[in-house]
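Quick notes on the structure that follows.
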Amino acid sequence: MIVLVINCGSSSIKYQLYEMPGKKVLARGLAEKVGEESSFLTHRRDDEKFEIAKPIPNHKIGIELILSCLTDASMGVLKNVKEIGAVGHRVVHGGERYSDAMRIDQDVLSCIEECCDLAPLHNPPNLIGIHECRNALPGVPMVAVFDTAFHQTLPRRAYMYALPYETYERYRIRKYGFHGTSHAYITHRAAEMLGKPVGGVNLVTCHLGNGCSMAAVRGGKSVDTTMGFTPLAGLVMGTRSGDIDPAIIPFLMSKPEYSKVAEIDKMLNKKSGLLGVSGASNDMRNLTEAARKDGENSRAQLAIDMFCYRVKSYIGQYMAVLGKADAICFTGGIGENSPHIRKQATDGLDLFGVVMDNEKNESQRGKEMDISMAGSKVKILVIPTDEEGWIAEETYTHVK
Ligand code: AMP
């Protein structure tokens, strides 16, 4: 079966075409700056790359352009769009309703719409992507794979905030957690690497990219996670603050430059994190370079130290939550590619039975590997994430 995976953002559409089962990637690409004059699409087939600079005024045209690339005589991989057997959509928020991927019907569409209030930047473009694909591919089964679903197994004591209970009842304020497709994929791969059934693994999974989150996984299920009601909570991220004292917000709002909700929101989401602390970059590669040049008292070094300290603190917290862990898993752009961040974030954790093999840690990039010392009670695994592949698998499972 041919499965198309669509990840529709407000101004971008990411796609990947798979042959299932087996997850063979036939083609992939990205439409960027949708709605702007400078929009373009990058389409890839094996090692070939095609740049298509065409106006993409809206998502409808974007989806049509993607389908025409997939069936194009010179760069396509299909004779006809009718070969597509199913479409899997990444949907950010499924609220409290969905703990699994769902075949899309009217009921699922209504729920995604209801959750727009909880994810106003993400669910509306996700919905547009679903509608446009349904129009372009009538009758093709579609599946929604939710970022929040994997964390629906959190116990009440972990997902509730100590706010008046009515804020939960009235406004559904609770921890939802995000990056669920990545944490779910890493959990399954880690179980395979450890030679255990998924239901038998306890893990601390660390997704460290531009957005960062961690999860405590007991018996293959998420029991706590660092992101919360929104993806702003938890770890220090590229431009997001992660955890702060909530009283900082009303305090800052009493100052003229932060007196508007939109300003505070922008500050916390776009101007904080590694960028805000360093004043230089949200990109870990640039910061590493800057810290090397400017020394240990630099703000770049401070941002790196805060980043690693927060990861290490949560590892400690989650080890306490789990009691016993089989492995700490690193993924995401930073987790997969940065040996020195992995080292700094796990340094001194021998006390928990976590011992890194420094040579293995430095040995390769972007590959699955066990970087723990032989005999380390808790393994340290590096697992490149594959969110699109996981969406394709979930989609295939739900429609085959
Ligand atoms: P992602 O959002 O998963 O694509 O991850 C983006 C982050 O990964 C950025 O902060 C990049 O600087 C970081 N990253 C990618 N490659 C490396 C590398 N070789 N060393 C350190 N950080 C990296």
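When a ligand or atom number is given, it counts from 1 through the structure's own listing order.
The residues Lys14 and Glu388 are annotated as salt-bridged, a charged nitrogen and a carboxylate oxygen being separated by less than 4.0 angstrom. Salt bridge status for Asp72 with Arg45: absent, with no side-chain N to carboxylate O gap under 4.0 Å.
Under the side-chain contact (heavy atoms from CB on, under 4.5 Å) test applied with Glu387, the options Val5, Thr181, Thr331, Val145 reduce to a single match, Thr181.
What sits closest to atom 10 (O) of ligand 1 on the protein, heavy atoms only, is Met284 N, 3.1 Å. Counting only heavy atoms of the protein, atom 21 (C) of ligand 1 lies nearest to Ser338 CB, 3.6 Å. Counting only heavy atoms of the protein, atom 19 (N) of ligand 1 lies nearest to Asn337 CB, 3.4 Å. For atom 14 (N) of ligand 1, the closest non-hydrogen atom on the protein side is Gly333 O, 3.6 Å. In this structure, atom 11 (C) of ligand 1 lies nearest to the protein heavy atom Asp283 OD1, 3.5 Å. Distance from atom 2 (O) of ligand 1 to its nearest protein heavy atom, with residue and atom name: Asn210 N, 2.8 Å.
Geometrically, Arg174 engages Tyr176 in a cation-pi contact, judged by NZ or CZ lying under 6.0 Å from the ring centre and within 45° of the ring axis.
Where the criterion is an N or O separation shorter than 3.5 Å, residue side chain and backbone included, Leu208 fails it with respect to ligand 1.
Distance check for atom 4 (O) of ligand 1: every protein heavy atom is found at 4.0 Å or beyond.
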* **ring pair (Phe, Tyr, Trp, His ring centres under 6.0 Å) between Phe178 and His93, intermediate numbers included** => CA-CA 8 Å; Phe178 299 88; His93 221 305; 5.5 Å; yes

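Taking the centre of each ring, His59 and His131 stay at or above the 6.0 Å mark.
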